[in-house]
Colleague: 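The structure follows.
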2 protein chains.
Amino acid sequence: MSVEIKISLNEGIYLKDPQDSPLGRNIIKYSILLIDEVGFEAFNFKKLAQEMGSTEASVYRYFENKHSLLIYLVSWYWEWVAYLIKINTVNIDDPKKKLKIIINSFVSASVDNPTTEYIDENKLHSVVIAEGTKAYRTKEVDEENGKGFFKNYKKLITMVAGIILEINPTFEYPYSLASNLFEMSNDHIYFAKHLPKLTDIKVEENKYAEVEKMLNYFSAKILGYEI
Amino acid sequence: MSVEIKISLNEGIYLKDPQDSPLGRNIIKYSILLIDEVGFEAFNFKKLAQEMGSTEASVYRYFENKHSLLIYLVSWYWEWVAYLIKINTVNIDDPKKKLKIIINSFVSASVDNPTTEYIDENKLHSVVIAEGTKAYRTKEVDEENGKGFFKNYKKLITMVAGIILEINPTFEYPYSLASNLFEMSNDHIYFAKHLPKLTDIKVEENKYAEVEKMLNYFSAKILGYEI
DNA sequence: TTTTAAATAATAGCAATACTATCATATAAG
DNA sequence: CTTATATGATAGTATTGCTATTATTTAAAA
């Protein structure tokens, strides 16, 4: 038995919902693999179509361009992390424990079951780590934000900020801390792999235990509690 | 009287040192203005040459491509921030005061004098905020890191980590905190302007006092001292 | 001053990218 | 069975990211 996750994403991001057809699901599947392999700059719809055994024109019927596709992928990731956090905190009352689960979800966003068949969540996490910020670091950010393209990120951060306020209701920076935990998680996994002089973290074999420990430590200090 | 800053950057970044000729200095000057105006994706050497009244081929004699030019610009910025920190902390003994100056330098990296005539430091700061991470979020990061292209960033972070250790010699994450303060400064200035739901900061008229206050607060909590 | 070298400008061209358009064919729905 | 819809196949166009060639200006050396 498997439970299918229904991810709801802003309609403006795509031209046609890729979840609704085999070709669409293939676009998602292979774009994750290909971006992870060649990087976002070298990635394009021609290569993607080739990889999938389809055509460039067909891909363009789903997404305006590769930038929209990247927004789709990171939005899916944000939504999925939010989902993970929800199912793993559902029976927990202590907000400190909830934050620990949040940090674990940020760092090692993966789960065995349920999962979506055409999405390799670990690869998607890699893509988000390496390319995620490019989704909103563009000249079009205000326009796209106006269209709701970053709604999923904001929703995720709002939820985390709420839990931070449960721990410390007078804390002045719940949203900043929430987004910083997310960004810092990705940054330091990336630094550990590629620019190790920028962090104290050591990553071995895709195990991010040290990142998790660090984020727990930082959170506890900032919010004023013992781990 | 003005003191000229000599910025020393890795020779591999450029084909010919742009500091050494009027055309080279123009490339730096106009690339900052143009990237700030149109964004890094839309920026190219043809537009830059047009803007400067030069030619595409001439720009290519200084930099292999726009990516190298971006690395040059952010390296200049990193080096310049390090310089600012040094001159502003030279007579200060208390490492907590030094860290305060570091945070001020990260957030509002600007100074009236001395300055480099062909570089608008405020605009460069804007470029680093919006485009800086793209310098090292590429598939070529390991290769370029091997060539020393990110030496200036690592130098800056190493210096800051040293001061953090002066404050708290048993602190486990001096490099992580240092790089996080830098990245967080840029992130939250960007968020405040473009994705305000991701931060608690409000920015008014390019005054970043709130960001500064937040980073001082976070540092003090994490390192365990009163502001 | 003359000559020679170096830097820049002007122009052309080429392969790849980022699309758009058209038409044929397959599939599914009415 | 007919018609709408999705996909495939193919072509084409404007822009980008360069490289090459030659001419012209500027600076350095003789």
Side-chain angles (χ1 to χ4, degrees), chain A residues 11-31 34-35 37-73 118 131 134-135 137-140 143-144, chain B residues 11-31 34-35 37-73 118 131 134-135 137-140 143-144:
Chain A
E11 288 181 16
I13 298 172
Y14 48 78
L15 299 172
K16 190 193 293 195
D17 193 338
Q19 288 179 298
D20 288 350
S21 73
L23 179 61
R25 290 188 287 269
N26 254 346
I27 290 172
I28 303 309
K29 176 177 178 177
Y30 284 96
S31 63
L34 194 53
I35 293 173
E37 194 191 325
V38 304
F40 188 64
E41 280 71 30
F43 168 84
N44 64 42
F45 282 1
K46 196 173 190 176
K47 288 177 191 166
L48 172 62
Q50 240 162 306
E51 202 80 4
M52 294 164 52
S54 178
T55 64
E56 211 183 344
S58 298
V59 179
Y60 274 105
R61 289 193 191 99
Y62 283 83
F63 292 99
E64 258 186 68
N65 48 48
K66 69 173 180 174
H67 177 242
S68 302
L69 175 51
L70 181 64
I71 293 180
Y72 185 92
L73 294 180
Y118 57 97
E131 320 287 358
K134 293 171 190 168
R137 293 295 235 270
T138 71
K139 272 287 158 186
E140 294 76 34
E143 193 196 323
E144 291 177 346
Chain B
E11 288 181 16
I13 298 172
Y14 48 79
L15 299 171
K16 191 192 291 197
D17 193 337
Q19 288 179 299
D20 287 351
S21 72
L23 179 61
R25 290 188 287 270
N26 255 343
I27 289 172
I28 303 309
K29 176 177 178 177
Y30 284 96
S31 62
L34 194 54
I35 292 173
E37 195 190 325
V38 304
F40 188 64
E41 280 72 31
F43 168 85
N44 64 40
F45 282 2
K46 196 173 190 176
K47 288 178 193 168
L48 172 62
Q50 240 162 303
E51 202 81 2
M52 292 164 54
S54 178
T55 65
E56 210 183 344
S58 297
V59 179
Y60 274 104
R61 287 193 196 97
Y62 284 83
F63 292 98
E64 257 185 67
N65 48 48
K66 69 173 181 174
H67 177 242
S68 302
L69 174 51
L70 180 64
I71 294 180
Y72 186 92
L73 295 180
Y118 58 98
E131 320 287 358
K134 294 171 190 169
R137 294 295 235 273
T138 71
K139 271 287 159 186
E140 295 76 34
E143 192 196 325
E144 291 177 346

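Basis for what follows: all heavy atoms, side chains included, without hydrogens, waters or symmetry-related copies. To find a chain, count down the sequence lines: A is the first, B the second, and so on, and within it residues start at 1.
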Colleague: Rounded off to whole Å, could you give me the CG-to-P distance for the B:Leu69 and D:dC18 pair?
Modeller: 12 Å
Colleague: Given C:dT8, is OP1 or OP2 found less than 4.0 Å from the side-chain N or O atoms of B:Ser21?
Modeller: yes
Colleague: Provide, to the nearest angstrom, the distance between the NZ atom belonging to B:Lys66 and the C1' atom belonging to D:dG17.
Modeller: 10 Å
Colleague: Would you call A:Lys134 and A:Glu41 a salt bridge, taking side-chain N to carboxylate O under 4.0 Å as the test?
Modeller: yes
Colleague: With a non-hydrogen cut-off below 4.0 angstrom, is A:Phe63 in contact with a base, only sugar-phosphate, or nothing?
Modeller: nothing
Colleague: Whole Å only: how far is the CD atom of A:Gln50 from the P atom of C:dA16?
Modeller: 12 Å
Colleague: Strictly by side chain to side chain donor-acceptor pair (under 3.5 Å), give each pair with a member in residues 45-55 of chain B just once, sequence neighbours left out.
Modeller: B:Thr55-B:Ser58
Colleague: Has A:Lys66 got its NZ or CZ under 6.0 Å from the middle of the six-membered ring of A:Phe40, at an angle within 45 degrees of the ring axis?
Modeller: yes
Colleague: Rounded to whole angstroms, how far apart are CD on B:Glu64 and P on D:dT19?
Modeller: 8 Å
Colleague: Please determine, for the side chain of B:Ser54, which listed nucleotide (C:dC19, C:dA7, C:dA9) has the closest atom?
Modeller: C:dA9
Colleague: Quick one: does A:Glu56's side chain get under 4.5 Å of A:Val59's, heavy atoms only?
Modeller: no
Colleague: Where the side chain of B:Ser58 is concerned, which of D:dC18, C:dA9, D:dT16 is the nearest nucleotide?
Modeller: C:dA9
Colleague: For B:Tyr60 and C:dA12, what is the distance between atoms OH and P respectively, to the nearest whole Å?
Modeller: 19 Å
Colleague: For the side chain of B:Lys47, starting at C-beta, report the closest nucleotide among D:dT16, D:dA6, C:dC19.
Modeller: D:dT16
Colleague: Rounded to whole Å, how long is the line connecting atom CG of A:Asp17 with atom C1' of D:dT5?
Modeller: 16 Å
Colleague: Closest to the A:Tyr62 side chain: C:dT8, D:dT7, D:dG8?
Modeller: D:dT7
Colleague: C:dG13 P sits how many Å from B:Lys46 NZ, rounded?
Modeller: 14 Å
Colleague: Can you confirm whether A:Tyr62 sits close enough to A:Ser21 that some side-chain heavy atom of one is under 4.5 Å from a side-chain heavy atom of the other?
Modeller: yes
Colleague: What is the separation between atom CZ on B:Arg61 and atom C1' on D:dT22, rounded to the nearest whole Å?
Modeller: 11 Å
Colleague: Counting just side-chain N and O atoms, does A:Asn44 come under 4.0 Å of either OP1 or OP2 of C:dT17?
Modeller: yes
